[in-house]
Amino acid sequence: MTETAGGARDPEVVSRFVEHFAAQLVEAGMPRMAARVFVALLASDSGSLTSAELGERLKVSPAGVSGAVRYLAHVHMVSRQREPGSRRELYRVRSDQWYEALANRESVIKHWEEALREGVATLGADTPAGRRLAETLAFFEFIESEFEMLVERWRVHREKTFGG
């Protein structure tokens with residue numbers, strides 16, 4: 001049984017939570033192993049675990065953990081750090097991981113916007129396909145313009161709710 005500042009925690013209950021939330025992330029499109037690794041990190045008190053610790057908790061191979069961490073680092077949901085005095089890497093989930101993941105998506109949306117502009121020009125803005133692409137482009141531009149205000153509102157709310 002894992003001891004925490006709040007008392008004893010049943011590892012089986014934690015494991016069920018990890019699998020349940022990971023399944024929700026998989027339904028939203030995240031790769032299965034990446035979802036499991038991410039939630040295991042999120043559910044750890046320290047927010048960081050080694051590859052061996054992740055493998056043990058999730059009952060998976062180091063290769064599975066490695067691929068998942070590579071994906072999660074690419075989408076800015078975890079970071080890698082060297083364990084002080086060791087060659088082992090720690091994988092850490094940050095408190096701003098959702099912001100980073102969304103900000104990363106914002107750069108993807110910018111690329112989509114460029115492609116959609118090209119599509120509208122290619123197909124013609126006055127054609128049904130061109131109008132459909134133009135509407136999709138307008139949606140992404142709207143989301144992008146609202147994102148900055150939303151992030152600022154989140155920062156204020158986070159400061160008020162959780163402090164510095």
Side-chain angles (χ1 to χ4, degrees), residues 1-113 136 139-164:
M1 197 169 281
T2 305
E3 293 292 323
T4 66
R9 186 178 294 148
D10 183 344
E12 282 302 312
V13 173
V14 173
S15 180
R16 281 195 299 275
F17 163 74
V18 167
E19 296 303 327
H20 177 74
F21 189 32
Q24 300 301 311
L25 295 174
V26 168
E27 281 187 33
M30 185 181 281
R32 183 175 185 272
M33 187 59 68
R36 293 179 71 216
V37 167
F38 176 72
V39 179
L41 287 167
L42 198 61
S44 70
D45 285 335
S46 66
S48 62
L49 297 167
T50 66
S51 180
E53 290 168 331
L54 284 163
E56 183 180 316
R57 287 180 189 212
L58 299 173
K59 298 172 181 44
V60 297
S61 72
V65 170
S66 176
V69 167
R70 196 169 30 259
Y71 170 83
L72 292 166
H74 178 73
V75 296
H76 308 285
M77 292 184 78
V78 301
S79 60
R80 298 173 193 219
Q81 301 177 305
R82 286 273 181 222
E83 197 173 43
S86 170
R87 295 182 58 186
R88 295 189 317 173
E89 283 190 325
L90 276 174
Y91 305 115
R92 178 177 302 282
V93 67
R94 301 173 356 203
S95 61
D96 65 348
Q97 77 274 352
W98 297 112
Y99 166 77
E100 287 295 327
L102 287 174
N104 185 53
R105 295 287 169 130
E106 185 182 22
S107 69
V108 170
I109 289 173
K110 283 230 183 263
H111 291 295
W112 292 351
E113 288 173 1
T136 302
F139 171 76
F140 287 132
E141 289 171 337
F142 175 80
I143 294 298
E144 183 182 4
S145 70
E146 295 291 312
F147 183 73
E148 284 300 317
M149 291 183 292
L150 182 63
V151 167
E152 186 52 38
R153 286 180 35 214
W154 163 247
R155 286 183 183 131
V156 169
H157 176 76
R158 180 180 181 202
E159 178 70 26
K160 191 168 81 176
T161 305
F162 300 104

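Residues take their numbers from the sequence shown, with the count starting at 1.
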Between R9 (side chain only) and V14 (backbone N and O only), is there a donor and an acceptor less than 3.5 Å apart?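 Not a single qualifying donor-acceptor pair exists.
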
Has the side chain of T161 got a donor or acceptor atom that lies under 3.5 Å from a matching backbone atom of H157?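 Yes.
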
Salt bridge check: are R16 and E19 linked by an N-O gap of less than 4.0 Å?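 So R16 does not pair with E19 through a salt bridge.
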
Mind checking the [atom1]-[atom2] spacing from [X] to [Y]? Nearest 0.5 Å is all I need.
X    : Y    : atom1 : atom2 : answer
E89  : L49  : CD    : CG    : 13.5 Å
F147 : L150 : CZ    : CG    : 7.0 Å
S51  : L90  : OG    : CG    : 11.0 Å
F139 : I109 : CZ    : CD1   : 7.5 Å
H20  : L25  : NE2   : CG    : 10.0 Å
L41  : S79  : CG    : OG    : 9.5 Å

With sequence neighbours excluded, what pairs up with R70 under the salt bridge (charged side-chain N to carboxylate O under 4.0 Å, His left out) test?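 In terms of salt bridge (charged side-chain N to carboxylate O under 4.0 Å, His left out), with neighbours along the sequence ignored, R70 is linked to no residue.
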
For residues [X] and [Y], report the shortest heavy-atom separation together with the two atoms involved.
X   : Y   : result
A22 : A35 : O-CB, 3.6 Å
F38 : L72 : N-CD1, 3.8 Å
T50 : E53 : N-OE1, 2.8 Å
A40 : L54 : CB-CD2, 3.9 Å
R92 : S48 : NH2-OG, 3.6 Å
A43 : V18 : CB-CG2, 4.1 Å

Around atom [atom1] of [X], are there more than 12 heavy atoms from other residues, nucleotides or ligands closer than 6.0 Å?
X    : atom1 : value
R32  : CZ    : no
R82  : CZ    : yes
E144 : CD    : yes

Would you mind reporting whether R36 and V60 have side-chain heavy atoms less than 4.5 Å apart?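 When only atoms from C-beta onward are counted, R36 and V60 do touch, with a gap below 4.5 Å.
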
Within a strict 4.5 Å, meaning less than it, do heavy atoms of the V37 and Y71 side chains meet?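 Heavy-atom side-chain distance check fails, nothing below 4.5 Å.
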
